[in-house]
Visitor: 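Attaching a single structure in structure tokens format; questions to follow.
Below, chain A is the first sequence line, B the second, and so on; all start at residue 1. No hydrogens, no waters, no symmetry mates; every other heavy atom, side chains included, goes into these values. Not measured: the values here are computed from a predicted model.
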Amino acid sequence: MPWDPDFIEQLLPTAGGVTRPARYLLESESVPEGMPSWGGSLALSSFAVSGYTPILAERGHSITYGELTVREWTASRGMLTIALVDVDIRSRIARGQIVTLRVGFTEDVADFEPVFRGVIRSHAWSAGTWKLQIEEITGALRSRFVGTVGESPLFWDLASTEVDEPGPATGILDGHTTVTVLDTTGFREDGGGVGAILISDGVDGDFIDTYTGTTATEFTGVNDGALGTDPDGSLYAGAGNGSAVTEVAYMVGHPITVALRILHSTGTGDNGNLDTLPASWGYGLPKALVDQSDAAKFRGYMDPTGGANDWNIFATEPQGNGLTWLQGWMAPAGMFFALHQGEITVRCAVLPWLQQTPSHIDITPETGLQSIDAYHTYEPSCPMEYSTVEIEQGPLNPPDDYVAQTEEITNLPDGGTLVRSVPFASLDALTSQDWRMEIGARVAPWDQRTPERVELTMAGWWAGQAAPGDTCTLDARRWGLTDRYGAPFDGTRRGLVTSVQPNWFGATTRVVALFLPNDDEEGV
Amino acid sequence: MGNAYAWWYPQEGGTVEAIDLGGPLSDLDDHPAPTQVGARSVSGHEFSIQTLSDTVVRVSLEDFDDHALYRKLKALEGHLFRGGTFALAADVDKAVAGYLVASPTRGATSLVLGDTPWSTLAPSAVLAANDEVVVETGQPMPRSEIALVSGVSGSTITTGALVHDLIDEPWVLLRHQGFYPGLRLPMAARGRQILSTKRRVVHTFSATFEVPPPFYGAFVDLASADVLGSTTSDGELTIEEILTRDRPTRGGT
């Protein structure tokens with residue numbers, strides 16, 4: 001749920017310099033039934049309020065948030081350190097427990113808004129003060145929130161059986177439309193009516209079949225050699241009796257929707273309308289911890305022109321590090337996780353001159369701009385420009401790759417050709433082509449041109465409503481700062497926020513914004 | 001007008017030690033000490049937050065020659081250096097403090113006292129017309145004003161019109177201006193001399209104390225059995241016992 005506008009209003013500096021009473025709460029989050037609560041309930045505060053223990057120390061706190069790296073489209077993870085007076089809370093915490101920091105200006109805890117959410121990573125005592133270290137919640141996506149050994153990987157319980165065609169057949173042949181097995185119990189699909197199985201020890205190699213129905217011992221409505229395992233039809237998709245048949249975690253949908261389903265799914269369907277996948281295919285994050293509306297906005301920015309927008313995403317084995325697996329298919333298409341107003345969201349790269357994101361911020365002296373701390377003509381993490389970006393997508397699509405080509409080299413060295421390889425695609429060739437064009441149009445410009453980087457400090461916390469991936473404008477005329485084309489930063493040109501660091505225990509916010517040249521406008 | 005008095009509990013579950021200071025204080029003064037951080041934009045727009053506010057109280061009893069009093073204050077001195085708390089009244093007959101039954105609006109003149117947790121220290125203390133009382137609220141940004149009493153009838157105290165609108169405050173404390181139910185030495189001051197002797201003839205007790213920020217909030221909504229100095233299974237309930245409870249209170253500190 002987005003922050004209340006009244007709360008955001010109080011984050012602004014004012015002409016009259018009103019001092020606001022800052023209050024803090026740190027509390028653990030309830031997790032879905034069946035998942036461990038990790039040590040019980042933690043409810044701490046900086047002031048005396050019913051239901052909370054007022055042991056937050058007067059000083060000693062610190063907070064950082066993750067920074068987005070463009071081109072890689074991954075983010076570092078922030079860390080919150082909370083200092084507590086010498087009270088032992090060890091019976092109420094556990095490493096991995098989800099906790100939320102809330103800030104408010106009134107007596108009523110209902111008015112408080114979440115500003116940081118993460119998982120406890122360490123708890124240490126020194127010189128009379130306990131320090132609790134909490135990692136931004138995206139770091140928790142390495143494993144599922146479970147307490148049972150073996151159940152922490154995503155897709156940990158993929159079902160398995162064997163091919164068992166009845167006589168006189170001794171197996172399945174290429175072009176088969178059914179697969180008879182020992183038992184189909186435990187084989188699941190994503191709720192869309194189509195499942196997938198991996199058949200090993202095949203005649204020519206392993207292959208995947210999709211299916212639309214099951215009986216106790218048979219997969220029916222089979223499309224053999226699916227999901228790119230037989231891209232040109234040359235594979236003999238046959239296998240003998242006894243060949244291993246393994247469940248494939250197969251998910252169809254817009255990639256941001258699939259990522260949200262993975263975050264929400266508990267297997268019960270009780271965690272909102274995105275709780276559609278089997279339990280082991282998801283993290284079961286309570287829906288209140290996920291910013292569904294923000295992710296929906298960014299899904300709208302990631303919209304191929306043809307209209308259809310499904311990907312076919314799948315995993316054939318358990319993923320010990322679920323975050324790495326997710327980033328493996330999200331990042332090449334410019335998608336990333338972010339912490340937006342205390343909730344985890346799924347966002348995508350945008351071109352700032354085309355989109356103004358929901359939490360766009362106008363950085364001006366009146367909204368708190370205090371100082372320009374640094375300016376880089378060339379963003380240091382982008383050491384070169386790539387004149388050619390090839391978008392490959394999934395195993396289905398070569399050689400019809402999409403190629404984004406610039407017309408002019410503006411600085412050296414020229415990186416030549418960059419291949420952006422996106423693991424998953426649509427099963428429909430035209431839709432897949434539309435996707436490659438979409439990714440090429442939205443993401444490739446960040447590879448082809450090096451943005452300018454501005455680091456600044458703002459008085460107040462107002463910029464804290466934004467997160468990496470939001471757009472911004474900058475009015476830095478008081479510093480006489482111009483961009484590399486000689487135009488002043490006068491609040492008309494939009495940039496991309498890659499880092500927002502509100503110091504909720506101080507009175508300033510640091511922001512990093514990148515300004516990408518728009519070849520059409522910059523005269524390049 | 002009564003003498004200045006100090007009260008403290010030498011031990012948990014023990015009885016209160018009341019010290020007659022032998023006359024009026026030489027000096028008594030207080031001011032707020034807020035903890036704030038702030039920043040200003042290049043246009044002068046300012047953002048600042050306040051997380052706490054101490055009340056700093058300067059107390060001085062100068063050049064007294066009562067050696068018995070000196071001995072009693074010596075015992076108190078050690079208690080204060082250990083972080084202990086004591087109550088102080090500039091006039092024992094006016095040692096009145098308690099919580100209003102309802103938070104008043106701006107312009108209110110009729111204030112009704114409810115819970116008075118410290119009444120056992122000076123049971124016969126009463127307010128009267130022309131007394132000055134402090135009306136104040138809790139952390140992190142307490143509001144405070146001094147009102148002149150025009151009349152007292154039972155629990156109802158009539159004053160001049162209040163300046164602040166406190167209707168949204170979870171609790172409001174009223175105390176005689178010279179009565180501080182809880183004072184302690186700030187951590188940085190423990191170890192600096194507060195009781196001194198001149199030529200071994202006259203003595204001076206002088207220090208700058210603070211009201212612990214959560215002090216007043218810790219006494220809000222005490223059950224009748226928890227009244228300071230009442231008999232419990234452990235003996236009398238002390239200030240320290242109430243302060244060290246891990247017990248959230250109604251509303252702010």
Visitor: Given a strict heavy-atom distance threshold of 4.5 Å, which part of A:R20 is in contact with chain B: side chain, backbone, both, or neither?
Guide: both
Visitor: Using 0.5 Å steps for rounding, measure from the OG1 atom of A:T508 to the CZ atom of B:F47.
Guide: 10.0 Å
Visitor: Answer whether the closest heavy-atom distance between the side chains of A:P13 and B:E46 falls below 4.5 Å.
Guide: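 Heavy-atom side-chain distance check fails, nothing below 4.5 Å.
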Visitor: Identify the two heavy atoms, one from B:H45 and one from A:A459, that lie closest to each other, and give their separation to 0.1 Å.
Guide: O-CB, 4.5 Å
Visitor: What is the distance from atom CZ of A:R23 to atom CD of B:Q139, rounded to the nearest 0.5 Å?
Guide: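 If I round to the nearest 0.5 Å, the distance is 9.0 Å.
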Visitor: Taking the side chain as every heavy atom from C-beta outward, state whether B:S41 and A:L369 have any atom pair closer than 4.5 Å.
Guide: no
Visitor: Should A:E366 and B:S43 count as side-chain neighbours, where that means a heavy-atom distance under 4.5 Å?
Guide: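 Heavy-atom side-chain distance check passes, below 4.5 Å.
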Visitor: Can you tell me which portion of A:Y24 sits under 4.5 Å from chain B's heavy atoms? Options are side chain, backbone, both or neither.
Guide: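 For A:Y24, side-chain heavy atoms alone lie under 4.5 Å from chain B.
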Visitor: Any sub-3.5 Å donor-acceptor pair from B:Q50's side-chain atoms to A:P21's backbone N or O?
Guide: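 No, the answer is negative, given that no donor and acceptor are paired below the 3.5 Å cut-off.
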Visitor: Show, in sequence, the C-alpha distance, side-chain angles and deciding distance for A:Q370 and B:V42, and conclude whether the side-chain contact (heavy atoms from CB on, under 4.5 Å) test is met.
Guide: CA-CA 5 Å; A:Q370 182 186 74; B:V42 70; over 6 Å; no
Visitor: Is it the case that more than 12 heavy atoms not belonging to B:R106 sit under 6.0 Å from its CZ atom?
Guide: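 It does not: B:R106 CZ has 12 such atoms or fewer within range.
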Visitor: What I want to check is whether the side chains of A:E58 and B:T51 have a donor and an acceptor closer together than 3.5 Å.
Guide: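 The answer is no; no qualifying pair exists.
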Visitor: Give, as side chain, backbone, both or neither, the part of A:W479 having an atom under 4.5 angstrom from any heavy atom of chain B.
Guide: side chain
Visitor: Answer with side chain, backbone, both or neither: which region of B:S53 has an atom nearer than 4.5 Å to a non-hydrogen atom of chain A?
Guide: neither
Visitor: Does A:T19 reach the main-chain N or O of B:I49 with its side chain, forming a donor-acceptor pair under 3.5 Å?
Guide: no
Visitor: For the atom pair CG (B:L52) and CZ (A:R59), what is the distance rounded to the nearest 0.5 Å?
Guide: 9.5 Å
Visitor: Within the supplied structure, the quantity of interest is the number of heavy atoms (other residues, nucleotides, ligands) at a distance under 6.0 Å from B:R40 CZ; does it exceed 12?
Guide: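 Not more than 12 within 6.0 Å, no.
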